[in-house]
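To keep things clear, I will list the structure first and then write my remarks on it.
Since the structure is predicted, the reported quantities are computational estimates derived from the model, not experimental observations.
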Amino acid sequence: MTNESRLPLAGLRVIDASSIIAGPKLATYLGDFGAEVIKVEPPKGDALRYAGKIKDGKSLEWKLMSRNKKPITLNLGTEKGQELFYRLSKSADVVITNFRPNTLKKWNIDYENLSAVNEKLIMVKVSGFGESGPYSSRPGFGTLAEAMGGFANMNGFPDSGPLLPNFALADQVTALLGAFATMTAIYEREHSPDGKGQSIDLPIYEALMGILGNQVMEYDQLGVLPKRMGNRSEWSVPRNLYQTKDKKWVAVSGTAPSIVERIFKAIGREELIDDPQFKDNQARLQHADELEQIMADWMINHTQDEILERFMKYEATIAPVYNTAEMLQDPHFTFRENFIDVPDSDFGTVKMLNVIPKFSRTPGKIRNTGLEKGSCNDEVYQELGLSAEEIEAFKKNNII
């Protein structure tokens, strides 16, 4: 069994002073691998505590997003609260915020002030539009990034309008990029002659732009704008979702010549391999409608089980389209422990996504689900030197 001391980020102290998804999920990634994450939320509670699906008055999103964190309350809009934040940041390796730049300056908790008391500090500043530029003072969420960053316009079907994702895509991408950026800055600090930290400007829209492919160069060099293609792709054909005889769905992707040959064999159309219309990827793209119709016609005459068995026989790429219940029943996901039952003070146990990726020697671990508001106040503030009486007085004065 892995113990706390063997977690790869044990000893790294992270202050998560962000809210909702992008910043908090960044901190969750670090916490999953052993970082001590102190979750700072206002005395009334973080907005995420009241978001998403609720059971018995408790947010399930909070249970997941705030796992492996120590929640404390702190009113950053007060002078005393800011003083406490300075003291907290003095011992931190990383501070994560998602306040607008002018809010950080108004509260005197911008990087310039915090690094003056802790030159090793790495500060990750998540925001909608970044620290500079005409839009820097605007409020921003992932939805706005998905609209302005090009995703919504290229997503959807040809005969429909732009389509937003129905989950927090931009925030999740920002969290991943932010975790990478944080660890890059830590590596640089540890190998720097002066050991100084730095600030990281992480706008959500830039993170999303980074995963949307080569659309900028294609427009610059070819004048081409991305098209809405539904489940198809401009890269390869066949690539789509197909309905089966028993009203289920399967996904097929033919991104390599050898795979396409196997697909043609699986649907009993081996002659298509040498057909001039489908002989290579460029030819298939030119005749995408015809090939997709051939695929769809074959799929609708076979059940999902028949299709999967046939494709597996020929080692052709295919997957069933799962809902969550079906994901939980999949033997491969079960074998790899992709889902785990975690003890929880409110619900006994909760099943959630396990830590990823898997490390061979020092894997991550879920130590706790999201805890009650302020449950770690005494532990953290006593470490800062506050007495029980001072902590109680701060509570009465809405400082914590």
I'd like to check the ring-ring contact (aromatic ring centres under 6.0 Å, His included) partners of Phe359; sequence neighbours left out, ordered by chain and number. Phe33

Side-chain donor-acceptor pair under 3.5 Å between [X] and [Y], yes or no?
{"X": "Asn338", "Y": "Asn354", "value": "no"}
{"X": "Gln329", "Y": "Tyr322", "value": "no"}
{"X": "Asp344", "Y": "Thr369", "value": "yes"}
{"X": "Lys248", "Y": "Gln243", "value": "no"}
{"X": "Asn377", "Y": "Thr73", "value": "yes"}

With sequence neighbours left out, the residues meeting salt bridge (Lys or Arg N to Asp or Glu O under 4.0 Å) with Asp305 are none

Check [Y] with [X], please: is the shortest side-chain N to carboxylate O separation under 4.0 Å?
{"X": "Lys70", "Y": "Glu379", "answer": "yes"}
{"X": "Asp201", "Y": "Lys125", "answer": "no"}
{"X": "Glu41", "Y": "Arg49", "answer": "yes"}
{"X": "Asp46", "Y": "Lys373", "answer": "no"}
{"X": "Lys279", "Y": "Asp274", "answer": "no"}
{"X": "Glu372", "Y": "Lys58", "answer": "yes"}

Residue of the set Phe99, Phe85, Tyr86 for which ring pair (Phe, Tyr, Trp, His ring centres under 6.0 Å) holds with Trp107: Phe99

Check whether NZ of the Lys or CZ of the Arg Lys55 lies under 6.0 Å from the centre of the six-membered ring of Phe347 and within 45 degrees of that ring's axis.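 Judged by the rule (NZ or CZ under 6.0 Å from the ring centre, within 45° of its axis), Lys55 counts as positioned above Phe347.
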
Salt bridge (Lys or Arg N to Asp or Glu O under 4.0 Å): which pairs involve residues 7-20, sequence neighbours left out? Arg13-Glu36, Arg13-Glu383, Asp16-Lys39, Asp16-Lys69

Return yes if some donor-acceptor pair links the side-chain N/O of [X] with the main-chain N/O of [Y] below 3.5 Å, else return no.
{"X": "Glu261", "Y": "Ser258", "answer": "no"}
{"X": "Asp32", "Y": "Asn68", "answer": "no"}
{"X": "Asn397", "Y": "Ile399", "answer": "no"}

Working for side-chain hydrogen bond (donor to acceptor under 3.5 Å, both in side chains), residues Gln198 and Tyr111: CA-CA 8 Å; Gln198 59 186 306; Tyr111 177 71; over 6 Å; no

I'd like to check Val342 versus Thr349 (side-chain heavy atoms, cut-off strictly below 4.5 Å). Are they in contact?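 No, side chains not in contact.
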
Should the heavy atoms of other residues, nucleotides or ligands under 6.0 Å from CZ of Phe141 be counted, would the total exceed 12? no

Please indicate whether Glu218 has more than 12 foreign heavy atoms, meaning atoms of other residues, nucleotides or ligands, lying under 6.0 Å from its CD. yes

Determine, using ring centers only, whether Trp62 and Tyr50 are less than 6.0 Å apart.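 They do not qualify: ring centres at least 6.0 Å apart.
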
Is there a side-chain hydrogen bond (donor to acceptor under 3.5 Å, both in side chains) between Gln293 and Asp289? Walk through the geometry before answering. CA-CA 6 Å; Gln293 192 61 55; Asp289 290 343; over 6 Å; no

